[in-house]
Asker: 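Following this message is one structure expressed as structure tokens.
Chain identifiers are assigned alphabetically (A, B, ...) following the order of the sequence lines, protein sequences preceding nucleic acid strands; residue numbering begins at 1 within each chain. The basis for the numbers below is simple: all heavy atoms, side chains too, and nothing from hydrogens, waters or symmetry mates.
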Protein chains: 2
Amino acid sequence: MSRELQPPDVAFILQNVLGCKWTLHILAEVRRGVNRPGQLVRSADGLTTKVLNERLTKLVRFELLEKTSYPEVPPRVEYQLTAFGNRFSSLLDEIDRLQAEL
Amino acid sequence: MSRELQPPDVAFILQNVLGCKWTLHILAEVRRGVNRPGQLVRSADGLTTKVLNERLTKLVRFELLEKTSYPEVPPRVEYQLTAFGNRFSSLLDEIDRLQAEL
DNA sequence: CAGTATCCAGACCGATACTG
DNA sequence: CAGTATCGGTCTGGATACTG
């Protein structure tokens with residue numbers, strides 16, 4: 001069960017994963033420790049649970065994020081960056097840096 | 001005649017300009033000196049003149065690229081990175097770096 | 001709280017043909 | 001060579017409502 005990138009293609013991920021609306025925001029939040037769906041929907045105005053889940057699913061699918069479900073009531077879920085996802089940290093930092101300096 | 005980004009928003013550009021199909025490729029090529037439309041269409045399999053021009057127009061519109069037309073026959077046109085566009089060089093480098101290392 | 005289902009307007013982009 | 005016009009299928013993502 002691995003990414004279906006043979007070979008892994010940064011441009012592809014940038015295009016099809018990071019390029020999707022909300023994805024960069026979501027990743028940035030997760031990096032900051034905002035890693036529960038409830039927090040994440042509230043972190044962006046206009047982001048719906050449907051789209052959030054599409055993004056999270058995709059990020060998990062491409063193994064940038066990892067999902068942990070806690071068997072509690074009410075249910076609790078947390079997402080975190082994987083080692084692979086962390087390789088994009090430099091990119092996220094670069095984006096932050098650009099954002100700050102413009 | 002300035003970008004209608006108030007304030008300039010890297011995430012927005014990443015989303016709506018760089019996130020579009022072919023755009024990263026086009027920018028990378030222009031950086032390498034492949035800066036004429038004819039060369040650019042040929043540089044990517046599947047890229048059509050229609051889409052190329054949409055991308056170039058958008059890149060010029062957001063002032064990442066600058067266009068120079070030479071009044072010759074046949075017409076010659078060249079695109080180059082602007083100072084603003086160059087600020088994204090670090091991002092492109094970072095992408096190349098990631099690409100190489102994965 | 002987490003996640004899914006449906007609807008649908010609009011964006012995206014490939015194919016093709018055409019003008020200056 | 002550079003650029004535009006048109007058509008049409010596909011994908012995107014927002015609104016809303018619903019399930020476990």
Asker: Per the atom types in the model, does the base of C:dT16 pair as donor or acceptor with the side chain of B:Thr48 at under 3.5 Å?
Answerer: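 Absent.
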Asker: Between CG of A:Leu98 and CD1 of B:Ile13, what distance do you get to the nearest 0.5 Å?
Answerer: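 With rounding to 0.5 Å, CG (A:Leu98) is 9.0 Å from CD1 (B:Ile13).
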Asker: Give a yes or no on whether a salt bridge exists between B:Lys58 and B:Glu54, defined as a side-chain N under 4.0 angstrom from a carboxylate O.
Answerer: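 B:Glu54 and B:Lys58: not salt-bridged.
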Asker: B:Trp22 side chain N/O closer than 4.0 Å to the phosphate oxygens (OP1, OP2) of C:dC12?
Answerer: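 Looking at the OP1 and OP2 atoms of C:dC12, neither is under 4.0 Å from any side-chain N or O of B:Trp22.
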Asker: Please state whether the phosphate of C:dG14, meaning OP1 or OP2, lies under 4.0 angstrom from any side-chain nitrogen or oxygen of B:Lys21.
Answerer: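 Answer is yes, contact under 4.0 Å.
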Asker: C:dG3 P sits how many Å from A:Leu52 CG, rounded?
Answerer: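 Rounded to the whole Å, the gap is 8 Å.
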Asker: OP1, OP2 of C:dC13 versus side-chain N and O of B:Lys58: anything below 4.0 Å?
Answerer: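 No, B:Lys58 has no side-chain N/O under 4.0 Å of OP1/OP2 on C:dC13.
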Asker: Between A:Glu63 and A:Arg61, does any side-chain N to carboxylate O distance fall below 4.0 Å?
Answerer: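 No.
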Asker: May I have the distance from A:Asn53 (atom CG) to C:dT4 (atom C1'), rounded to whole angstrom?
Answerer: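 Computing the A:Asn53:CG to C:dT4:C1' distance gives 8 Å.
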Asker: Could you check A:Ser69 against B:Arg55 and say which one's nearest nucleotide on DNA chain C is further toward the 5' end?
Answerer: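 Checking each residue's closest nucleotide, the 5'-ward one belongs to A:Ser69.
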Asker: Between P on D:dT12 and CG on A:Leu47, what's the gap in Å once rounded to a whole number?
Answerer: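 Going from A:Leu47 (CG) to D:dT12 (P), I get 16 Å.
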Asker: Considering only NZ, NE, NH1 and NH2 on the basic side and carboxylate oxygens on the acidic side, decide whether A:Arg97 and A:Glu101 come within less than 4.0 Å.
Answerer: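 Looking at A:Arg97 and A:Glu101, the cut-off is met.
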Asker: Tell me: CG of A:Asn35 to P of C:dC1, nearest whole Å?
Answerer: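 In whole Å, C:dC1 P lies 15 Å from A:Asn35 CG.
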Asker: Is A:Tyr79 close enough to C:dG3 that one of its side-chain N or O atoms is under 4.0 Å from OP1 or OP2 there?
Answerer: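 For C:dG3, OP1/OP2 do have a side-chain N/O of A:Tyr79 under 4.0 Å.
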Asker: What integer distance in Å separates B:Asn16:CG from C:dG10:P?
Answerer: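 Going from B:Asn16 (CG) to C:dG10 (P), I get 18 Å.
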Asker: Roughly, in whole Å, what's the span from CG in B:Leu56 to P in D:dT4?
Answerer: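 Atom CG in B:Leu56 sits about 10 Å away from atom P in D:dT4.
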Asker: Measure from the side-chain heavy atoms of B:Val51 and tell me the nearest of C:dG3, C:dG14, D:dG3.
Answerer: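 Side chain of B:Val51 sits closest to C:dG14.
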Asker: Indicate, yes or no, whether a donor-acceptor pair under 3.5 Å links the base of C:dG14 to the side chain of B:Lys50.
Answerer: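 Yes, a donor-acceptor pair under 3.5 Å.
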Asker: Taking it one step at a time, do B:Ser90 and A:Glu94 satisfy side chain to side chain donor-acceptor pair (under 3.5 Å)?
Answerer: CA-CA 7 Å; B:Ser90 52; A:Glu94 188 56 35; 2.5 Å; yes
Asker: Rounded to whole angstrom units, what separation is found between the CD atom of B:Glu78 and the C1' atom of D:dG3?
Answerer: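 The answer, rounded to whole Å, is 17 Å.
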Asker: Does the pair B:Arg31/B:Glu29 count as a salt bridge with the N-to-O cut at 4.0 Å?
Answerer: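 No, no charged N to carboxylate O under 4.0 Å.
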Asker: Once you apply the 3.5 Å cut-off to both distances, tell me the Watson-Crick or G-U wobble partner of C:dA11, or none.
Answerer: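 Its partner is D:dT10.
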Asker: In Watson-Crick or G-U wobble terms, both distances under 3.5 Å, what is the partner of C:dG20?
Answerer: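 Partner of C:dG20: D:dC1.
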Asker: For a quick check of understanding: with a heavy-atom distance under 4.0 Å over all strands, which category does B:Pro37 fall into, base, sugar-phosphate or nothing?
Answerer: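 Sugar-phosphate, backbone atoms only, no base.
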Asker: Just to be sure I understand the rule, does A:Tyr70 reach a base, reach only the sugar-phosphate, or reach nothing, if contact means heavy atoms closer than 4.0 Å?
Answerer: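 No contact at all - A:Tyr70 keeps every heavy atom at 4.0 Å or more from the nucleic acid.
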Asker: Side chain of B:Pro74 only, heavy atoms from C-beta on: which candidate in D:dG13, D:dC1, C:dA17 is closest?
Answerer: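 Comparing D:dG13, D:dC1, C:dA17 against the side chain of B:Pro74, the answer is D:dC1.
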Asker: Can you tell me if the side-chain N/O atoms of A:Arg36 get under 4.0 Å from OP1 or OP2 in C:dA2?
Answerer: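 For C:dA2, OP1/OP2 do have a side-chain N/O of A:Arg36 under 4.0 Å.
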Asker: CD of B:Glu54 versus C1' of D:dA5: gap in Å, rounded?
Answerer: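 After rounding, the reported distance stands at 11 Å.
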